[in-house]
Amino acid sequence: MLKLYNTLTRKKEVFKPLKDKQVGMYTCGPTVYWYQHIGNLRSYIFADILKRVLIYNGYKVKHVMNVTDVGHLTSDADTGEDKIEKAAKKEKKSAWQIAEFYWKIFKEDFKKLNIIEPDIWCKATEHIREQIELIKKLEKKGYTYKTSDGIYFDTSKVKDYGKLAKLRIKDLKAGARVKIGEKKHKTDFALWKFSKPPGKRQQEWDSPWGIGFPGWHIECSAMSMKYLGEHFDIHTGGVDHIPVHHTNEIAQSEAATGKKFVNYWVHGAFLTFKGEKISKSKGGFCTISELEEKNFEPLAYRYFCLTAHYRSQLEFSFENLKNAQNAYRRLKNIISDIKDDKKINRKYLTEFEQAINNDLDMPSALAVLWRLVRDKEAKGKIQTIKKMEEVFDLNLLKKEKIKIPKEILELVKKREEARKETNFELSDKLREELRKKGWQVEDTKSGSKVKKIN
Ligand code: AMP
Ligand code: ZN
């Protein structure tokens, strides 16, 4: 029995899919104007774990993820520049090149982090027609109004607007101190923005209301409903999406269809740096490639993410990551010495299953794994770890070929020669030098063997 915390009800609920063993899941994807930082990637590792836990429980998951390649403005309040257009100007490239470039890197990061790609990737720019259709539907039902800037959604027409974030509409009403321009209410949001003047933007399309581009929120409603139906099971994203993006997705989708949009809203907490959400201005902004340059393994970062519950903030520092990497390597090292007896250890596997099914409690699941590998009496370790790896996917059972640096090989050769000449003093000195560099030599009948010290 899988339990998930539903932001909509603020409760842990037993997960029940709409259709027997099939699950429709939508994840808000990246805005591809820059590299995704390790904070963004924490969100996708969480979604990956959720998907794997569903699959582990025998569900067939249809996973859809969007690529925001237009319409996400520098301010979530429908003002400022389009992030992609801004990057294109700065990098002197076309908006399409920018989107393609950063999306490609994002997918490479997925591979490095063992994140399963969604079944469907959908780009906003390839679904303009669906977005226009949805806006037309809303217009017909009287939910929209026009300003000189675009077509807006009138949130006052929705009785339960803000139910996801438990927003108090009274507090949000346009007051004297809040500048809202031509918008009727502070919470109203753009469905379609006009190009001013047409031709100024690289990305713009014709529409019944004039040349322009879609708002960010309408893209996720249009594409999720296209691929998963008007009512589907799970929607994920980071907690920052609760008050605006997901609140607006719900409002416009339910207004258009008259149905409940999504059953379970599942949100991942932030990766923080010095207690604050990671951002370019506040620091901690780091990519997976930058971690690799600093000799961190991407999978050590995955391990690090699993040491915290997805609904708890996780504090990033190189020291914290280093500790996680050391633990991860120690774990792999212990596992590499275990012999496979082809059995499964039911006791430990049951404990693992209880942990993952309890709202994805991965820190407890990792603790079960550690207890298993340290239990001298336990049988069935390898096959049990193999099952657990369906969720962890930390390459725990993968034998890796370790590349021995040339400098180390030369020292080993020198030492062999010293031994041949019975110069044991020099041979011991070289052994010590190798140890200091992190390598251990063993003398076997077939010659010297060198092993990395973990
Ligand atoms: P964006 O590309 O800005 O739309 O963000 C992509 C995803 O990363 C969204 O689901 C965000 O909620 C999430 N996100 C952004 N910053 C962080 C952070 N510091 N920690 C965890 N998730 C984040
Ligand atoms: Zn979205």
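Atoms within a ligand are numbered from 1 in the order they appear, just like the ligands themselves.
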### Query
Between the side chains of E249 and H245, is a donor N or O closer than 3.5 angstrom to an acceptor N or O?
yes
### Message
Checking H246 against H267: is there a side-chain donor and acceptor pair closer than 3.5 Å?
### Response
yes
### N or O pair under 3.5 Å between H72 and ligand 1
no
### Query
Taking atom types as modelled, is there a side-chain donor on T287 or H37 under 3.5 Å from an acceptor on the other?
no
### Message
Geometry only, no angles: is Q36 polar-contacting ligand 1 at N/O separations under 3.5 Å?
### Response
yes
### atom 1 (P) of ligand 1 [closest protein heavy-atom partner, distance rounded to 0.1 Å]
T31 OG1, 4.0 Å
### Summary
atom 22 (N) of ligand 1: of S43, C305, G238, the nearest heavy atom sits on S43
### Query
Would Y348 and D375 count as having a side-chain donor-acceptor pair, cut-off 3.5 Å?
yes
### Lys NZ or Arg CZ of K193 over W216 ring: under 6.0 Å, within 45°
no
### Query
Is E133 salt-bridged to K136, going by a charged N under 4.0 Å from an acidic O?
yes
### Any N or O of D240 closer than 3.5 Å to N or O of ligand 1
yes
### Message
Considering non-hydrogen atoms of the protein only, which is the closest contact for atom 9 (C) of ligand 1, and what is the distance?
### Response
H241 NE2, 3.4 Å
### Task
Find all atoms of ligand 1 within a distance of less than 4.0 Å from any non-hydrogen atom belonging to G39, and give their numbers and elements.
17 (C), 18 (C), 19 (N), 20 (N), 21 (C), 22 (N), 23 (C)
### Query
Which part of N40 is near ligand 1, with near meaning a heavy atom under 4.0 Å away: side chain, backbone, both or neither?
both
### Task
Could you tell me whether E297 and K112 have a side-chain N and a carboxylate O separated by less than 4.0 Å?
no
## Note on the structure
Per-atom filter on ligand 1: closer than 4.0 angstrom to a heavy atom of I278 are 19 (N)
### Query
Do I382 and I335 come close enough that some side-chain heavy atom pair is under 4.5 Å?
yes
### Task
Run the numbers for me: atoms of ligand 1, each under 4.0 Å from some heavy atom of L271, listed by number.
18 (C), 19 (N), 20 (N), 21 (C)
## Note on the structure
Among non-hydrogen protein atoms, atom 18 (C) of ligand 1 lies closest to F270 CD2, 3.5 Å
#### Entry: No-hydrogen, no-angle side-chain donor-acceptor test under 3.5 Å, E353 and Y56
yes
### Message
Within the 4.0 Å heavy-atom shell around P30, which atoms of ligand 1 are there?
### Response
2 (O)
## Note on the structure
Per salt bridge (Lys or Arg N to Asp or Glu O under 4.0 Å), D359 is matched among K11, R311, K3 by R311
### Query
Given E139 and T144, is the side-chain hydrogen bond (donor to acceptor under 3.5 Å, both in side chains) satisfied, shown in steps?
CA-CA 5 Å; E139 186 179 41; T144 65; 4.6 Å; no
### Test item, H37 contacting ligand 1 (heavy atom, 4.0 angstrom)
yes
### Task
Indicate whether the side chain of E230 and that of S253 have a donor and an acceptor atom separated by less than 3.5 Å.
no
### Message
Which residue and atom name correspond to the protein heavy atom nearest atom 7 (C) of ligand 1, and how close is it?
### Response
Y44 OH, 3.4 Å
### Task
Report yes or no: do D109 and Y44 form a side-chain donor-acceptor pair below 3.5 Å?
no
### Task
May I ask you to determine how many protein N/O/S atoms are under 2.8 Å from the Zn ion (ligand 2)?
3
### Task
Have a look at E254 and tell me which of K141, K163, K159 forms a salt bridge (Lys or Arg N to Asp or Glu O under 4.0 Å) with it.
K163
### Message
Suppose we measure from atom 16 (N) of ligand 1 to each protein heavy atom; which comes out shortest, and what is that distance?
### Response
K277 CE, 3.3 Å
### Task
Run the numbers for me: atoms of ligand 1, each under 4.0 Å from some heavy atom of A269, listed by number.
21 (C)
